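Computed from a prediction, not measured in an experiment: that's the story for all the values here. Counting begins at 1 with the first residue of the sequence.
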Amino acid sequence: MKMENMFTPFKIGSCEIPNRFAVTAMVTNMCDEQGYATEQYIRYHEAKAKGGYGLIITEDYAVSEHAGGYRRVARIYDESMIDGHKRMVDAVHQYGTKIFCQIYHAGHQSNSGVNGGVPIVNASPIACAWNREMPRELTVEEIHQIVKDFGVTARNAKRAGFDGVEIHAGNGYLIAGFLSFFQNKRTDRYGGCFQNRVRILQEIYQEIRSQVGDSYPIQVRFSAEEHTVDGRTMAESRMLAKLLEEWGVDAINCSNGVYGSYNLAQVSTSYMPHAWTAGNAAEIKKLVKIPVMAVNSIDDPLMAESLVRDGFCDFVGMSRCSLADPEMPNKAREGRFDEIRPCVRCVQGCTGFVIKQVPIRCCVNPEMGNEYRYTFADQPEPKKVLVIGGGPGGMEAAIAAARRGHEVTLWEKEMKLGGELLAAMFPPGKGEFATFVASLIRELEIWKVRVELGKEATAEAVRAFQADKVILATGGLPNMPRIPGIDRKNAVPAREVLLGHTQVEGRILVAGGGEVGVETAMYLADGERGRITIIEMFDAVAAKTDATRVVAMKKFLHDHEVEIMTNTKVLEIGETCMIVEQEGVRKTLPYDAVVVSMGYHPNSRLAAELEDLGEKLTVIGDAKECTNAMEAASMGFEAGYHA
């Protein structure tokens with residue numbers, strides 16, 4: 001397939017966008033707590049412009065001091081804030097990329113703790129499913145002030161050099177709260193009939209237009225379907241789209257959903273189909289003449305090309321892809337598709353870190369958010385670097401060190417690279433990890449890292465290699481607790497099952513309900529291997545996993561009739577039965593196979609034997625402390641960069 005459409009320019013109002021690749025808004029938590037632009041925030045956006053994206057839509061800029069949903073969202077409501085954000089705009093413009101400022105009021109999707117202790121407000125007193133704080137209903141006078149706040153923020157955005165503004169009227173924030181019955185229970189001029197519910201959006205648009213002029217681009221993002229009872233559906237979204245065009249809005253960003261663990265539409269995980277809401281954008285595009293943008297799990301440039309080519313949309317929002325690989329458009333233009341780092345839709349570093357109120361990260365791209373630190377500006381003295389371990393941490397270390405000009409060799413004891421990711425890609429919804437591993441292997445080739453497979457590292461071999469720097473990434477080993485009977489032949493580690501080394505069937509007990517245990521149960525259930533039961537000693541399964549993914553995982557388990565026993569401790573594994581204790585009651589569970597998934601411990605033997613190397617040795621990832629692939633990759637990249 002040729003890329004004949006994505007690289008054609010297209011206008012939003014008076015602004016010509018150089019191509020159809022758009023970065024839609026994502027909260028980054030990279031500004032300071034007053035909303036001023038930081039160097040981290042500026043370089044993060046610059047990387048996407050340098051990578052070839054035609055349009056960047058920033059995260060939601062709060063329209064007043066108490067309008068934000070997070071402590072470190074951007075703000076430009078005061079003139080003193082303009083200069084810093086202008087620096088970001090200027091950095092983006094030097095690559096020909098256009099940048100729009102998204103402006104919003106968080107409404108009930110906030111809490112007083114992030115807004116200076118001031119109680120939150122909303123169309124009606126309905127608490128957000130995630131934030132749980134009950135908002136106060138806005139008065140009419142307060143609504144009028146918020147309308148003015150939007151106008152001032154838009155005016156300041158124009159002064160900062162932004163090419164346009166996007167009014168955020170979707171995803172459950174304040175304006176969205178007025179637009180549908182899901183949040184709006186008012187009986188005054190801002191509630192009730194459709195015309196009343198859209199009144200605040202019309203007033204905001206008119207106020208912004210009066211502040212920025214007739215030719216300045218204004219687009220609106222709204223949720224075409226909210227996927228909740230009483231939420232908006234396409235029936236009203238068709239009406240809203242036509243109305244926006246009549247008012248003079250220049251483009252529509254067709255989003256979906258509201259925030260909540262059970263609303264899987266808002267944050268699409270790997271359990272959702274790709275481009276699954278593109279049909280909504282296509283339907284709206286048939287109704288209006290202004291540009292329409294499609295979003296939601298569109299992470300392949302050829303997929304984006306097909307959507308534009310086939311008339312689904314005019315622009316394609318590819319936000320989380322831009323976290324995984326800010327250079328995706330340039331690579332696609334040059335036909336280097338196998339070099340694109342894929343978004344695996346794990347949500348642990350993006351959505352997961354937003355909720356933690358800290359700067360976002362990316363599992364597959366440790367440079368993201370660290371562009372201001374990993375500049376590759378200086379050229380250190382070349383060294384002979386040895387990396388031991390071919391998992392994500394080891395591969396990232398080797399790539400970073402090679403990019404810095406070092407001579408890098410990587411030893412991997414298995415005959416395949418990938419480490420624990422090789423097993424992680426087998427459960428349902430995890431297949432995209434194969435693309436991640438493949439992209440890392442391709443980068444090792446590009447940077448001419450010498451890879452030796454089947455190479456068992458010993459202390460003697462490492463010393464004989466005489467490296468200037470040794471990075472140890474030997475990973476972790478499965479925990480096999482001192483439970484009587486755990487050494488039986490029919491009690492096998494989850495990794496062995498996922499890799500197909502051991503096949504189990506019949507009555508299967510999965511001992512351990514962390515993320516790996518749950519995913520292994522899903523893998524077995526998907527293959528219809530028998531009757532599967534998860535045994536978890538704590539009160540919830542996959543407790544450390546992002547809530548939106550957990551909901552999807554639990555639904556899968558329910559649909560496939562997997563039994564879950566929480567607050568249950570394994571006491572003994574007999575020849576045909578497992579003895580457990582659930583809340584003080586002993587039970588005997590018959591089984592045909594036991595799958596052990598009770599966590600990992602560091603594979604630290606070699607590290608201990610090489611302690612005498614001193615500063616020449618750096619231990620990373622699970623070899624140091626068992627965490628996850630994102631942490632291992634980050635530690636590896638940092639170790640390689642500073643080798």
Show your reasoning for whether salt bridge (Lys or Arg N to Asp or Glu O under 4.0 Å) applies to Lys544 and Glu515. CA-CA 8 Å; Lys544 296 182 179 180; Glu515 185 170 357; over 6 Å; no
The test is salt bridge (Lys or Arg N to Asp or Glu O under 4.0 Å); show your working for Arg209 and Asp250 and say whether it passes. CA-CA 11 Å; Arg209 184 59 77 194; Asp250 294 296; 3.2 Å; yes
Output, in order, the C-alpha distance, side-chain angles, deciding distance and verdict of side-chain contact (heavy atoms from CB on, under 4.5 Å) for Arg136 and Ile120. CA-CA 6 Å; Arg136 176 177 57 80; Ile120 60 174; over 6 Å; no
Do Glu371 and Lys48 pass the salt bridge (Lys or Arg N to Asp or Glu O under 4.0 Å) test, and can you show the C-alpha distance, the side-chain angles, and the key distance before you say yes or no? CA-CA 11 Å; Glu371 295 88 354; Lys48 300 173 191 297; over 6 Å; no
Residues Ile284, Phe222; criterion side-chain contact (heavy atoms from CB on, under 4.5 Å); working and verdict: CA-CA 12 Å; Ile284 287 175; Phe222 71 89; 3.8 Å; yes
Please test Lys185 against Asp230 for salt bridge (Lys or Arg N to Asp or Glu O under 4.0 Å), starting from the C-alpha separation and ending with a verdict. CA-CA 11 Å; Lys185 316 296 180 180; Asp230 273 346; 3.5 Å; yes
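Within the 3.5 Å criterion, the main-chain N or O of Leu174 finds no donor-acceptor partner in the side chain of His105. Of the possible polar contacts, one joining the Asn196 side chain to the Gly191 backbone as a donor-acceptor pair under 3.5 Å is found. The main-chain N or O of Phe538 is found under 3.5 Å from a side-chain atom of Glu536 such that the two form a donor-acceptor pair. Between the side chain of Asn19 and the backbone N or O of Tyr53 there is no donor-acceptor pair closer than 3.5 Å. Under the 3.5 Å distance criterion, the side-chain polar atoms of Ser268 are left unmatched by any main-chain donor or acceptor of Asn296.
For the ring pair (Phe, Tyr, Trp, His ring centres under 6.0 Å) condition, no pair includes a residue of residues 182-209, sequence neighbours left out.
Below 30°, between 30° and 60°, or above 60°: for Tyr259 and Trp130 the angle between ring planes is between 30° and 60°, a tilted geometry.
Taking 4.0 Å as the cut-off between side-chain N and carboxylate O, Glu46 and Arg87 do not count as a salt-bridged pair. Salt-bridge formation is not detected for the pair Glu367/Arg373: no Lys NZ or Arg NE/NH1/NH2 atom is positioned less than 4.0 Å from an Asp or Glu carboxylate oxygen. The pair Lys148-Glu207 does not count as a salt bridge, with every side-chain nitrogen at least 4.0 angstrom from each carboxylate oxygen. Using a 4.0 Å cut-off between a side-chain N of Lys or Arg and a carboxylate O of Asp or Glu, Arg199 and Glu203 do not qualify as a salt bridge.
For Gln195, the side-chain contact (heavy atoms from CB on, under 4.5 Å) test picks out Cys193, with sequence neighbours left out. Looking at residues two or more places apart in sequence or on another chain, you find a side-chain hydrogen bond (donor to acceptor under 3.5 Å, both in side chains) between Tyr61 and Tyr41, His85.
At a threshold of 4.5 Å between non-hydrogen side-chain atoms, the residues Phe10 and Leu55 do not count as touching.
Note that Lys158 lies in the cation-pi zone of Tyr216, set by a 6.0 Å cut-off to the ring centre and a 45° limit from the axis.
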